[in-house]
Amino acid sequence: MRHTDHLFTADTIGTYADAMQQGVDHLVRHVEHLQQPFSGVTPTASATKVGPVDLDRPLGDTAEALAELSELYLDDAVWFHDPRYAAHLNCPVVVPALLAEVFVSAVNSSLDTWDQSAGGTLIERKLIDWTVARVGFGPEGDGIFTSGGTQSNLQALLLARGQAFLEETDPTAPMAATLARMRIFATAESHFSVQKAANLLGLGAEAVVLVPTDPGHRMDPFALAEALDQTRRAGLLPMAVVATAGTTDLGAIDPIDRIADVCSAPAGVPGRGRQEGAVWLHVDAAYGGGLLASTRRRHLLTGIERADSVTIDYHKTWFQPVSASAIVVRDREALRHVTWHADYLNPRSAVLPNQVDKSMQTTRRFDALKLWMTLRTMGADAVGELFDRSIDLAQELFWTLHDDAGIGADFEVAMHPTLSTLVFRFRPSAVGEEAASRLNARIRQEVFAGGRAVVAGTTFHHGTWLKLTLLNPTATIEDLRAVLSLVHGIGHDLLDSATEEVA
Ligand SMILES: *Cc1c(COP(=O)(O)O)cnc(C)c1O
């Protein structure tokens, strides 16, 4: 083959089709033979395979490259579609979105300007408008696709910072001084990307004030009002409140409606309207955002329409391949805080629609097409039902464990699930608090090393617990009971061997 034969062109379209077919066949054969979600490979064993590859000596052949890919990657990949994968917020992906990927990569539009993405720009805009409407924002709403919740949260807080600067009433104040006075309000359950954003935005992670939560691990609106009040009285500047709609660990949904009341009615600032004294409310719905498509649980997001900005991760609870996320805002004017004009790309005089004005990225994948093909092929209700069923499963598992006098007796569950996570631990009655933490950390390692299931770990009430994140609506309660039996068996083995060691 000539070098140019490797390019996707009209002349090589047959080569392209052959390679794609080989790739799909290879994947199909691989998936058909999978037995468990993970091989259990260790980083050391993986390094002995990946390390020796000489990148300066190409294999020169698709079949050989695919065979090598199996050995280095597919054989050891963690498969999210396996019903016993229940660790993080990874979903099995819908086929219409995978079909879209073919076009996303091959056409390779870049969504910064119209002259690189004609048509695509409007498809993305229509999906944003649709999301805006589902959130309940009015016609002034807008937004942009991003690489994930972390970026969406960063952009939301960047916009909030831009608005907060406008509230600085002292025109002589140096920017750095105003920045140093800004505070962000979140909870200990909020995603760490809030602190990361505070660092990136020049505020420092310590500018994030952790508001106390209620027994359900939701932000306490009274405590928020109190914290805002104290901040103002100290001469500081509340920049944003971050409410989480679905915390990563417990799936808790902060009381958005009541938080919105607090954000819109600043205490001690008489005569200030919504615009001036109000605090920017960002709702991080990276996880709970899938409820926008739910026909049964949309009410859990009540109040979200009162936010200034919202993060939605389509690559979590909308069953989309990574990456697919958006930030949507109530007032498109706010997006000007990320606008920069370049003569060659988006001059002020530009007449064509462009997306780069609203985005932190420049060159940007047409990830929106995945959601588009999903909605056009199966529809939003079907997507919502996939998430709803995952939530049903978590509820059912909770009650199964609760009512089970057998292995259930050796488990503790942190909280009744709101969404689709279950935080739990193996703790037979004789096991003390500290021993339980060590034991559950070991259990998680052993489960992972065996590869028959994948569960997550987290901290709850200062101890180490386990977590199941259920986003696979094809998993059955039997699959999950099998995961729990595995945990239970490993837990008892570890306890027995510990007793032997002591004896
Ligand atoms: C996953 C998650 C994020 C981060 O999203 P990424 O897409 O992983 O960058 C932010 N907030 C919450 C609540 C999340 O669950």
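Numbering starts at 1 and runs along the sequence shown. Worth knowing before you read on, the calculation uses all heavy atoms, side chains too, and leaves out hydrogens, waters and symmetry mates. Whatever order the structure lists them in is the order used to number ligands and atoms, beginning at 1. From a predicted model like this one, the values you see are computed outputs, not experimental measurements.
- Surrounding NE2 of H299 are more than 12 heavy atoms belonging to other residues, nucleotides or ligands, all under 6.0 Å away.
- Side-chain atoms of K370 come within 3.5 Å of backbone N or O of S323 as a donor-acceptor pair.
- Atom 4 (C) of ligand 1 has its closest protein heavy atom at H191 CE1, 3.4 Å.
- For ligand 1, the atoms lying closer than 4.0 Å to a non-hydrogen atom of G246 are 13 (C).
- The distance criterion of under 3.5 Å between nitrogen or oxygen atoms is met by T150 with respect to ligand 1.
- The G149 neighbourhood of ligand 1 comprises atoms 4 (C), 5 (O), 6 (P), 7 (O), 9 (O), with distances under 4.0 Å to a heavy atom of that residue.
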Begin with the C-alpha distance, continue with both residues' side-chain angles, and end with the deciding distance and a verdict on side chain to side chain donor-acceptor pair (under 3.5 Å) for D381 and T295.
CA-CA 7 Å; D381 287 359; T295 53; 5.9 Å; no

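- Residue A286 has no nitrogen or oxygen atom sitting less than 3.5 Å from a nitrogen or oxygen atom of ligand 1, judged on distance alone.
- Between K316 and ligand 1, an N or O atom pair is found at a separation short of 3.5 Å.
- Between T248 and ligand 1, a contact under 3.5 Å exists for at least one N or O pair.
- Near N153, meaning under 4.0 Å from one of its heavy atoms, ligand 1 places the atoms 10 (C), 11 (N).
- Of all atoms in ligand 1, listed by their number and element, those nearer than 4.0 Å to a heavy atom of D313 are 5 (O), 6 (P), 7 (O).
- Here is the list of ligand 1 atoms found below 4.0 Å of a heavy atom in H315: 7 (O).
- In this structure a side-chain-to-backbone donor-acceptor pair under 3.5 Å is present from Q155 to K358.
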As a quick check of understanding, evaluate ring pair (Phe, Tyr, Trp, His ring centres under 6.0 Å) for H30 and Y73, giving each step before the final call.
CA-CA 11 Å; H30 193 95; Y73 175 55; 9.2 Å; no

Starting from the C-alpha separation in whole Å, work towards a yes-or-no answer on side chain to side chain contact (heavy atoms under 4.5 Å, CB included) for V31 and W79.
CA-CA 9 Å; V31 171; W79 295 90; 4.0 Å; yes

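- Close contacts of ligand 1 with L89, meaning ligand atoms under 4.0 Å from a residue heavy atom, involve 15 (O).
- For ligand 1, one of its N or O atoms has an N or O atom of D284 under 3.5 Å away.
- Other residues, nucleotides and ligands contribute more than 12 heavy atoms inside 6.0 Å of the CZ atom of R181.
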Hey, mind stepping through Y314 and F145 against ring pair (Phe, Tyr, Trp, His ring centres under 6.0 Å) and telling me if it holds?
CA-CA 10 Å; Y314 304 108; F145 272 70; 5.3 Å; yes

